Amino acid sequence: MAVELLLLLLLCGSTISEMQPIHKSPPGTLDFGFVPVKTYDTHAYYEPGPIGILFSIVHSFLYVVQPNSFPQEVIRKLAQQKFGNIQNDYQKPENVVLTLQAIYYEIGFIICAALGLLFVLLLPLVGLCFCMCRCCDNCGGEMHQRQKKNADCRRGCFATFLFVTSLIISIGVLCAYAANQHLTDQVRGAKHLMYSNFKDLRIFLNDTPGQIDYLVSQYNTTKEKVLSDLNNVGPLLGFRVQEQLGKEVRPALDAALAMAGAIRETKEALENVSVSVEVLQEGTERLHANLTDVKAHLSNTLNDSACSAPQVASTCNMIRNSLHQLNINANYSGLPSVNLQLAKVNDVLKIDLSSLVQKGYTAFNDTPDLVMNQTRNILSDIQNVLESVGSNITSFTKSLPVEKIIADFTMYLSQSEAYVQDYFPVVEQYDFYRWLVCLILCCMVILILVFYYLGLLCGTCGYDRHASPTTRGCVSNTGGNFLMAGVGFSFIFSWVLMIVVVVTFVTGGNVEKLVCEPFEDKTLFKVFDTPYLLNQHWKNYLSGILLKNPDINLTFEKVYSDCKENKGIYTSLHLESLFNINEFLNISMYTEEVSLKIEHININLSGIILLDAPGRQNLLNFSSSGVDGINFAAYLTEINKSITKVDLLSFANDLEARADQLPRGALENALKGHANSIRTIHDQQVIPLEQAMKYVKARSTLNRSIRLLQKTSSELMEKVKNVINAVNAAQLLINNNASLVIVQETKKYMDMIIGYFEQYVNWVKESVTMDVAACKPIANVIDTAVDIFLCSYVTDSVNTFWFGLGGCSIFLIPAIIFAVKLSKYYRRMDTEDVYDDVETIPMKNMENGNNGYHKEHLYGIHNPVMTSSVEQW
């Protein structure tokens, strides 16, 4: 029941998170902030430090002993077996096969354990036999040493081997001691880790209600945003409608406004044409009169009798034939007048078309205000719906027994913490006993090592190579006794050490292989997740325990992995399968009601007039103003002509040259006078017409205005009709088809409003999935209990302890052999060999001055007696 209450803790968030989105249009983004999440103190990670090297070595050794993968199938079958009558059940073929599979998996441990037990059984027996053998003066028990040529070499080799073996044993005992001390230190430090986990669990419980309250409170953000958009329905919906209608309305109004500008430009162009033509007519008419006078006077001169003379007649005829060139070329007086067109355009401009178009713009731009004024009646209804949703959420969360749940679990947590506080000193006390026992075991090995090191030290330092075996010094003899003492304690303690090694090896090694390694790669969870394994009636044990529904696919591995990733407990425990969301809070019902309210928005835009009838008639009047009937070609032709038909200056020079061909006299002088008159006209009238700013500007203005009028009048009637048709189409769209646009934009506006609810729902779902009641503390508790405490603290330390102690026990065997052999060279012997022939005396003893050794069983001498070969003889 307590588990169900914990699951119910997240019900509020889960009820909202399961609602499916109704619309798919992307709304504006809402900022709900971050769900308040506190940082957990427990870091379920352990770094062993330098001793980790020893742990790695032990892991490698265990891999050599047991290289097989984790036996999932064997464990599943063993767990599913029911051994009622053990003898009969065991004889079943499948059970025999299962047993053989288990033995095959454990074969490495079985062989090592068998060797250890063999060590335990044989070593005390060998020690007993060795002791009895030595008591019978055998097995090195006879205090007599025979002389050998390589005695020094053998003694050195035995001493070296014993020293190296003792060093190896020392390393082993140091490893065992380090592991023993490491385990004690970690057990003492586990108290802080334990309290840290309790603290995180309290945070987990205490923060969950606040997180749920935060999720509920953020509904106000959604509600405020919805109300804000509803209050701004004019700018939002109105601008949307205006934007869609504006795709046709604005180009039509822009075209009408451009046409109004074209009318004004046409008037200005017509006025410029009229003024420019007058200025140019004035200048060309005066030039035409002067050229006519000069041409008349020159003609009179050429009609004089003097030109009848044969020698000048041809020259006069040539001059007479060129007189027609003395005339203006650009005749602006013959251009058609534009006064009639200008008068009609002025009549058109009496109505300000631009002002009428601006009124259309203003009326169209007032669309948001129209929408605002026509939608005021739905705001209060939607606000009531939103308030109803908020009150339902609040009342629902208040109906949840959150406080009771928190109180129950807090009490359970406090009881557990108190229980741990009460019994943790007991654990520490028992750990102290364990530490003391392990220390005693290490001291056993150290005691043996002390005897070996003292024996090596005394034997090496007290050895006198000049002394005979019966005359060795006290220090050397003591060294030999220490070595034999070490041998004796090795036989006494070694079997005890090996019993401890075998027990801890089998236990610790199997825990490492069957618990720690599969826990690390999560294969252990796969065994627990086996259907019908832990309960033969439940397919999924965890969901059957927590959710009372074993058919829900809730696995240990998935829950642990999700909690490891700090996901919410709602996701980790699949609470969506436990609660029917719509039963508690059906947001879709309220969103549908809001949708219906928005869909019933009725907006009428028929009051918008883009361009009234006078404006349309004004455009038609402009198209019939006759501007398109102006003879633009005539104007452009005259503008492009030169002022005179001939260059007057060239004509005057030519006339003067021809006069020089005539005989001197009155005719010559008269022609030269006419040439000067022509030059005067060129300088005073032609050059100003070509270069004076007044005439240049007039020609430029006339040219620009004519071309503008030509461009404006091109298909003027068609252009005006197009503008009127565009305005009429836009007006028709507003009057008849605006309702369709309004419906479409209202739908989009409704999607935006509903989208805020979708955002809230999605945010709640994501928050409940990842942030609310993040179950990292649960994974930390599992990691702390299994990975850190059981595997890293206990198992690794225990395995390292038996690894070091086992190495010590094994190397005690060669140490015993080397110590027994070496003690013979350090201890003082009771008898010695005696040589009767000088030739048989070893050269070394001759150098030392010794003749031989007396034999105790022949001479009955208990003390060594030095006798020279001469005296023997």
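Sequential numbering from 1 along the given sequence is applied to the chain's residues. Note: hydrogens, waters and symmetry copies are ignored here, and every other heavy atom, side chains too, is used. Predicted, not measured: the structure shown is a model, and the values here were computed from it.
- Remark: side-chain polar atoms of Q415 are not paired, donor with acceptor, to backbone N or O of E417 under 3.5 angstrom.
- Contact detail for N197 and P777: the closest heavy-atom pair is OD1-O, 4.4 Å.
- Put simply, the side chain of M444 does not reach to within 4.5 Å of the side chain of I448, judged on heavy atoms.
- Considering only heavy atoms from C-beta on, L441 stays 4.5 Å or farther from V445 through its side chain.
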(request) Take K513 and Y105 through the side chain to side chain contact (heavy atoms under 4.5 Å, CB included) test and state the conclusion after the steps. (result) CA-CA 11 Å; K513 285 294 181 177; Y105 175 78; 3.6 Å; yes
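- P48 has its side chain within reach of I51: a pair of non-hydrogen atoms, C-beta onward, lies under 4.5 Å apart.
- Looking at Y195, its side chain never comes within 3.5 Å of a backbone N or O of A190 through a donor-acceptor pair.
- Judged as a side chain to side chain contact (heavy atoms under 4.5 Å, CB included), and not counting sequence neighbours, the contacts of I446 are V173, V450.
- Looking at residues two or more places apart in sequence or on another chain, you find a side chain to side chain donor-acceptor pair (under 3.5 Å) between Y433 and Q429.
- Applying the side-chain hydrogen bond (donor to acceptor under 3.5 Å, both in side chains) definition to pairs two or more places apart or across chains, those involving residues 489-511 are Y452-S490.
- For the pair F505 and V65, the minimum side-chain heavy-atom distance is below 4.5 Å.
- Within the 4.5 Å cutoff, the side chain of W435 has heavy atoms near those of the Q181 side chain.
- Every residue two or more places apart in sequence or in another chain that forms a ring-ring contact (aromatic ring centres under 6.0 Å, His included) with F55 is listed here: H182.
- With sequence neighbours left out, the disulfide bond (SG atoms under 2.5 Å apart) criterion links C458 to no other residue.
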Pairs under 3.5 angstrom only: tabulate donor-acceptor contacts from the side chains of residues 519-527 to other protein residues two or more places apart or in another chain.
| from | atom 1 | to | atom 2 | distance (Å) |
| --- | --- | --- | --- | --- |
| D521 | OD1 | T523 | N | 3.1 |
| D521 | OD1 | T523 | OG1 | 2.7 |
| K522 | NZ | S561 | OG | 3.0 |
| T523 | OG1 | P518 | O | 3.4 |

(request) For the pair I75 and F70, evaluate side chain to side chain contact (heavy atoms under 4.5 Å, CB included) and give the outcome as yes or no after the intermediate values. (result) CA-CA 9 Å; I75 293 178; F70 181 65; 3.3 Å; yes
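- The number of heavy atoms from other shown groups lying within 6.0 Å of CZ (F491) is above 12.
- Applying the ring-ring contact (aromatic ring centres under 6.0 Å, His included) criterion to Y46, with sequence neighbours excluded, gives Y793.
- Counting only residues at least two apart or on different chains, the salt bridge (charged side-chain N to carboxylate O under 4.0 Å, His left out) pairs with a member in residues 179-200 are D41-K199.
- Inter-residue side-chain proximity for F493 and L447 is flagged as met; some heavy-atom pair is nearer than 4.5 Å.
- R434 has its side chain within reach of T184: a pair of non-hydrogen atoms, C-beta onward, lies under 4.5 Å apart.
- To the nearest 0.5 Å, the span separating SG on C443 from OH on Y177 amounts to 9.0 Å.
- A donor-acceptor pair under 3.5 Å is absent between the side-chain atoms of S196 and the main chain of H192, judged by distance alone.
- We find the CD1-CD1 distance between I788 and I782 to be 12.5 Å, quoted to the nearest 0.5 Å.
- Under the 3.5 Å distance criterion, the side-chain polar atoms of T795 are matched with a main-chain donor or acceptor of L790.
- In this structure, L497 CG and L812 CG are separated by 7.0 Å, a value rounded to the nearest 0.5 Å.
- Scored by the disulfide bond (SG atoms under 2.5 Å apart) test, C563 finds C775 as partners (sequence neighbours excluded).
- Under the 3.5 Å distance criterion, the side-chain polar atoms of S823 are matched with a main-chain donor or acceptor of V820.
- For residues 782-795, the pairs satisfying salt bridge (charged side-chain N to carboxylate O under 4.0 Å, His left out) are K564-D783, with sequence neighbours left out.
- For L413, the side chain to side chain contact (heavy atoms under 4.5 Å, CB included) criterion is met by F198, L201, R202, L205, not counting sequence neighbours.
- Here the closest non-hydrogen pair linking A774 and N566 is CB-OD1, 3.0 Å.
- The backbone N or O of C438 lies less than 3.5 Å from no partner atom in the side chain of N180, so there is not a single donor-acceptor pair.
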(request) Please lay out, stage by stage, how D796 and H59 fare under the test side chain to side chain contact (heavy atoms under 4.5 Å, CB included). (result) CA-CA 9 Å; D796 284 345; H59 291 165; 3.0 Å; yes
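- Counting only residues at least two apart or on different chains, the side-chain hydrogen bond (donor to acceptor under 3.5 Å, both in side chains) pairs with a member in residues 802-818 are N799-W802.
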(request) Dump the intermediate steps for side chain to side chain contact (heavy atoms under 4.5 Å, CB included) on V501 and F801, then the final yes or no. (result) CA-CA 8 Å; V501 169; F801 179 78; over 6 Å; no
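- Atom CD1 of I810 is separated from atom CE of M498 by 5.0 Å, given to the nearest 0.5 angstrom.
- Once rounded to the nearest 0.5 Å, the distance linking OG1 of T165 with CD1 of I817 reads 9.5 Å.
- Contact between A113 and V506 at its shortest, heavy atoms only, is CB-CG2, 3.9 Å.
- Atom CD1 of I53 has 12 or fewer neighbouring heavy atoms from other residues, nucleotides or ligands inside a 6.0 Å radius.
- Judged purely by distance below 3.5 Å, without hydrogens or angles, the side chains of Y560 and T555 never pair a donor atom with an acceptor atom.
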(request) Step by step, work out the ring pair (Phe, Tyr, Trp, His ring centres under 6.0 Å) result for F528 and Y541. (result) CA-CA 8 Å; F528 292 148; Y541 181 79; 9.3 Å; no
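- Aromatic pair Y423/Y419: ring centres closer than 6.0 Å.
- Atom CG in L822 sits 5.5 Å away from atom CG in L483 (nearest 0.5 Å).
- Within the 4.5 Å cutoff, the side chain of F432 has no heavy atoms near those of the V437 side chain.
- In terms of heavy-atom proximity, G804 sits nearest to C175 at CA-CB, 4.2 Å.
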